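Working notes, structure below.
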Amino acid sequence: MSLIVQKYGGTSVGTVERIEAVAEKVKTAHAEGDRMVVVVSAMSGETDRLLGLARKIRKQVDGRELDVLLSTGEQVTIALLAMALEARGVPARSYTGGQVRILTDEAYNKARILEIDGTNVRADLDAGRVVVVAGFQGVDGAGNITTLGRGGSDTTAVAMAAALDADECQIYTDVDGVYTTDPRIVHDARRLDRITYEEMLEMASLGAKVLQIRSVEFASKYKVSLRVLSSFEDGPGTLITSEENIMEAALISGVTLNRDEAKLTILGVPDRPGIASTILGPVAAANIEVDMIVQNVGADGSADFTFTVNRNDFEKAEGILKRIAGELKARAVEGDKKIAKISVVGVGMRSHAGIASRMFKALADENINIQMISTSEIKISVVVDEKYSELGVRTLHTEFGLAG
Ligand code: ADP
Ligand code: ASP
Ligand code: MG
């Protein structure tokens, strides 16, 4: 008898009718003899609605009470799904994160899972029940409710699969797999049969929101066999797996777009040792994550220093930079929120030279100016003007032969 963890995202449980359709799918798998743990998200739009309520009270909301609020969305769907299963004669029991005892650290709003106690869940599975678990939430050591960051139900599912040593973790969503790029942007994007953990991790980090980054980290670490599938139609989906399970690596597996970053430049700072840490030290101390960094030295010997941060941190970072600019007698601070980061990802890059130059030429042929570049072993990212986002993605998708 195999143990399967299934996860259904917001759209898949967006209405009572859809929850009933999920119950039918679970009933079928259960009838075939699988032991089933089902993780659900809140109904689509619910987490945003709750956030909106909180923001009416305080513009900048975070911390403990936000997690008490946001975790209610998933508590609704676990109860409704368990009821829908019971109504179909399938024994089921719902669990909040705290009831499972998904133990996390204390970082409210972006907690990390430390440990899962599967004792109660296992007892229910042994008794033939379907276990329905609230995604996105846990408890810290003191029993406070925590949440795992947006999209966190994926991570709950993979962590449950790892803790219970499940045979497969199936992520049911509103697309029928992982595509070469976001199918909502490029219509001839192609579904991938398989993709490596490493590539999926890069794609998730670079903007493909189909899986939360941490869920892929978990899957890779614990070698969970992870599959992305459609809630609405049958099909093989996409298997996320180790490189040795993929016969022939594609040169490029995917193209991603990230519009969540903003760029800051401090102009005319002295070009001397320690300058990068003088600028970035206070930014890091304010808990602002810096992504891409470029430094240019001009003819006059002074340097311009540019970096990107998440758009939500833009104002905060700009304030810090203006203060530093005063101290360093820099010429000016410039900011730009209208940027996009486009990346190509593929393990095949390791053994092939010339990908970067092909990428830059294809963008140049469309008259798209590259503002920043960064590379790793299996990815190349560029920052361009936001207005070229979609053209840039489509151009690279075609250039690397990814179209279906
Ligand atoms: P869920 O609510 O089920 O968790 P999400 O909205 O979080 O669903 O993730 C699914 C969405 O991810 C798709 O609707 C699609 O627009 C988007 N997406 C972005 N990049 C990709 C990609 N490379 N492959 C598939 N989907 C992608
Ligand atoms: N409901 C949460 C969110 O909207 C978690 C999830 O859907 O995975 O981010
Ligand atoms: Mg999601």
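First listed ligand is number 1; within each ligand, the first listed atom is number 1. Source: prediction; values computed, not measured.
Near V178, the atoms of ligand 1 lying under 4.0 angstrom from a non-hydrogen atom of the residue are 24 (N). Short contacts between ligand 1 and Y179, defined as distances under 4.0 Å to a heavy atom of the residue, involve ligand atoms 22 (C), 23 (N), 24 (N), 25 (C).
Remark: the E243 side chain and the T196 side chain contain no N/O donor-acceptor pair separated by less than 3.5 Å. With 3.5 Å as the limit, one finds a donor-acceptor pair spanning the side chains of D34 and S2. Checking Q170 against K7 by side-chain atom types alone, no donor-acceptor pair falls below 3.5 Å.
Taking a 4.0 Å cut-off on heavy atoms, M203 registers as neighbouring ligand 1. Under a 4.0 Å heavy-atom criterion, R191 is not in contact with ligand 1. Proximity of S153 to ligand 1 is not established, as no heavy-atom distance is less than 4.0 Å.
Ion pair D48/R150 flagged as a salt bridge, since at least one NZ, NE, NH1 or NH2 atom sits closer than 4.0 Å to an Asp/Glu carboxylate oxygen. Electrostatic pairing of R311 and E386 counts as a salt bridge here, judged by a charged N lying under 4.0 Å from a carboxylate O. Under the 4.0 Å criterion applied to side-chain N and carboxylate O atoms, K209 and D260 are assigned as salt-bridge partners.
For the pair T77/M43, a side-chain contact is recorded, criterion being any heavy-atom separation below 4.5 Å from C-beta on. Under the 4.5 Å side-chain criterion, counting only non-hydrogen atoms from C-beta, I78 is in contact with T96. I378 places a side-chain heavy atom less than 4.5 Å from the side chain of E202.
Residue-level proximity to ligand 1 for K7 is carried by the side chain, the only part with a heavy atom below 4.0 angstrom. The backbone and the side chain of T173 each have at least one atom closer than 4.0 Å to an atom of ligand 1 (non-hydrogen atoms only). Under 4.0 angstrom from ligand 1, the non-hydrogen atoms of R184 all belong to its side chain.
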Pairs under 3.5 angstrom, nitrogen or oxygen on both sides, ligand 2 versus protein: list them out, please.
| unit_1 | atom_1 | unit_2 | atom_2 | d |
| --- | --- | --- | --- | --- |
| ligand 2 | 1 (N) | T47 | OG1 | 2.8 |
| ligand 2 | 1 (N) | E74 | OE2 | 2.7 |
| ligand 2 | 4 (O) | T47 | OG1 | 3.3 |
| ligand 2 | 4 (O) | R150 | NH2 | 2.9 |
| ligand 2 | 7 (O) | S41 | OG | 3.1 |
| ligand 2 | 8 (O) | G152 | N | 3.4 |
| ligand 2 | 8 (O) | S153 | N | 3.0 |
| ligand 2 | 8 (O) | S153 | OG | 3.1 |
| ligand 2 | 9 (O) | R150 | NE | 2.7 |
| ligand 2 | 9 (O) | G151 | N | 2.9 |

